[in-house]
Amino acid sequence: MSINHSRFQNGLGCIALSMSFFVLAGCTNQAAEPSVASAAPVAAPVVAAAAPAPASGLGSDPAYPEIDIPPVWSPEGHLIQPKDFREMVFIGAPLTPHGLNDGKSNFPEFHNVYVQPAAFKAYRATGKWPEGTMMIKELQLVDDPKGDFPDGSRVLPSGRGYFPGAVNGLDVSVKDSKRFADTNNWGYFNFNHAPPPYLAEAAVKPVGECAGCHIANADEDMVYVKLYESILAPLPLPVAAN
């Protein structure tokens, strides 16, 4: 998922999320996302009663030997919603609000992107995302879409800006060269662009809805890596106080 935001190149609406990460951007081509008040899940949450129990621990799934929290698949090949994804490694939160896009942003939310700890460490060590990497993007609306100013920003004690509000969707991209060889080794999944509860499982999205945007615009292994480089890079050693 290297990092050139889809909106920064050729007017494409997909971000995020697979680094030529991420995005994950549950890259649908909607003209605008629903408001917090009116948004409703496009489908009732699915109860994945037959889904296998998630394995955990480095190498717990032979298909993904470098991954500690591997993707879990249903018998139909659907991706099971990653468990406790907010406890994974946070790598960044790009934002393209309505207020800066004439009220018509395809993705008006913060894109909070997470990856598994082992994938994060592997990328730092090798510059490559291992098989089984999941780039998990949870969308989060700004707290007041109208804001105090024409650009939709508003003022809080910390200053003028855009501030996070309600979460509003979940997208996941998975690197698996056997399952997704036709889309440069990554598959893209949407668990609803609406408030939680998110779907329990999701089928891979068509190429035109997500993978195509990353193929055309993401510079590094289908991930917009430049959006996340500042967190992917290790911190320099602390310096002594004067």
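These numbers were taken from a predicted model, which means no experiment stands behind them. These values consider heavy atoms only, across backbone and side chains, with no hydrogens, waters or symmetry-generated copies. Each residue takes its place number in the sequence, starting with 1.
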Report yes or no: does Asp102 contribute a side-chain atom to a donor-acceptor pair with the main-chain N or O of Lys104 at less than 3.5 Å? no
For Ala93 and Phe110, work out which heavy atoms get closest and say how close. O-CD2, 4.2 Å
May I have the step-by-step check of side-chain contact (heavy atoms from CB on, under 4.5 Å) for Asp151 and Arg160, ending in yes or no? CA-CA 11 Å; Asp151 65 0; Arg160 178 176 169 179; 3.2 Å; yes
Would you please classify the geometry between the Phe85 ring and the Tyr198 ring as parallel, tilted or perpendicular, with 30° and 60° separating the classes? tilted
Side-chain contact, heavy-atom cut-off 4.5 Å: Asp61 with Ile67? no
How far does CG of Leu100 sit from CG of Leu95, to the nearest 0.5 angstrom? 7.5 Å
Gln81 (side chain) donor-acceptor with Glu201 (main chain) under 3.5 angstrom: no
Given side chains that start at C-beta, do those of Lys121 and Leu58 come closer than 4.5 Å, heavy atoms only? no
Between Gln140 and Gly165 (side chain of the first, backbone of the second, donor and acceptor by atom type, cut-off under 3.5 Å), is there such a pair? yes
Side chains of Val113 and Tyr228: does their closest heavy-atom pair fall under 4.5 Å? yes
Tell me, do Thr133 and Trp186 make a side-chain contact under 4.5 Å, heavy atoms counted? yes
Which heavy atom in Ser158 sits nearest to a heavy atom in Phe163, and how many Å separate them? OG-CE2, 3.8 Å
Ser173 side chain to Gly187 main-chain N or O, any donor-acceptor pair under 3.5 Å? no
For the residue pair Asn190 / His193, report whether a side-chain donor-acceptor contact shorter than 3.5 Å exists. yes
Between the side chain of Asn192 and the main-chain N/O of Ala194, is any donor-acceptor distance below 3.5 Å? no
Nearest 0.5 Å, what's the NE2-CG distance between His214 and Asp221? 11.5 Å
Could you walk me through whether Ile91 and Phe120 pass side-chain contact (heavy atoms from CB on, under 4.5 Å), step by step? CA-CA 9 Å; Ile91 59 172; Phe120 179 83; 4.0 Å; yes
For Val204, which residues count as a side-chain contact (heavy atoms from CB on, under 4.5 Å) partner, sequence neighbours excluded? Phe180, Phe189
Compare every heavy atom of Pro82 with every heavy atom of Phe191, then report the nearest pair and how far apart it is. CZ-CD, 4.4 Å
Polar side-chain atom of Trp129 near backbone of Met222 as donor-acceptor pair, under 3.5 Å: no
Is there a path of hydrophobic side-chain contacts, each under 4.5 Å between heavy atoms of I/L/V/M/F/W/Y residues, joining Tyr188 to Ile215? yes
Less than 4.5 Å apart, side chain to side chain, heavy atoms only: is that true for Pro97 and Ser105? no
For the residue pair Asn112 / Glu138, report whether a side-chain donor-acceptor contact shorter than 3.5 Å exists. no
Side chain to side chain, Leu139 and Asp171, heavy atoms closer than 4.5 Å: yes
Spell out, as yes or no, whether a donor-acceptor pair under 3.5 Å connects the side chain of Thr96 to the backbone of Phe107. yes
Rounded to the nearest 0.5 angstrom, the NE2-CD distance for His98 and Glu109 is 7.0 Å
Phe149 vs Val155, side-chain contact (heavy atoms from CB on, under 4.5 Å): CA-CA, chis, key distance, verdict: CA-CA 9 Å; Phe149 298 91; Val155 176; 3.6 Å; yes
Have Tyr224 and Asp219 got a donor and an acceptor in their side chains that come within less than 3.5 Å? no
Are the side chains of Leu79 and Pro71 in touch, meaning some heavy atoms are under 4.5 Å apart? yes
Set of residues satisfying side-chain contact (heavy atoms from CB on, under 4.5 Å) with respect to Asp148, sequence neighbours excluded: Arg154
Does the Glu131 side chain pair with the main chain of Ser177, one donor and one acceptor, at a distance under 3.5 Å? yes
Look up atom CG in Asp68 and atom OG in Ser60, then write down how far apart they are to the nearest 0.5 Å. 8.0 Å
Is any side-chain heavy atom of Pro196 closer than 4.5 Å to a side-chain heavy atom of Val167? yes
Over all atoms of both residues, closest heavy-atom pair of Ala233 and Arg124: O-NH2, 3.2 Å
Stepwise side-chain contact (heavy atoms from CB on, under 4.5 Å) check, Ile136 with Val115: CA-CA 6 Å; Ile136 301 166; Val115 297; over 6 Å; no
Does Arg179 offer a backbone N or O that forms a donor-acceptor pair with the side chain of Asp176 under 3.5 Å? yes
Lys175 side chain to Pro130 main-chain N or O, any donor-acceptor pair under 3.5 Å? no
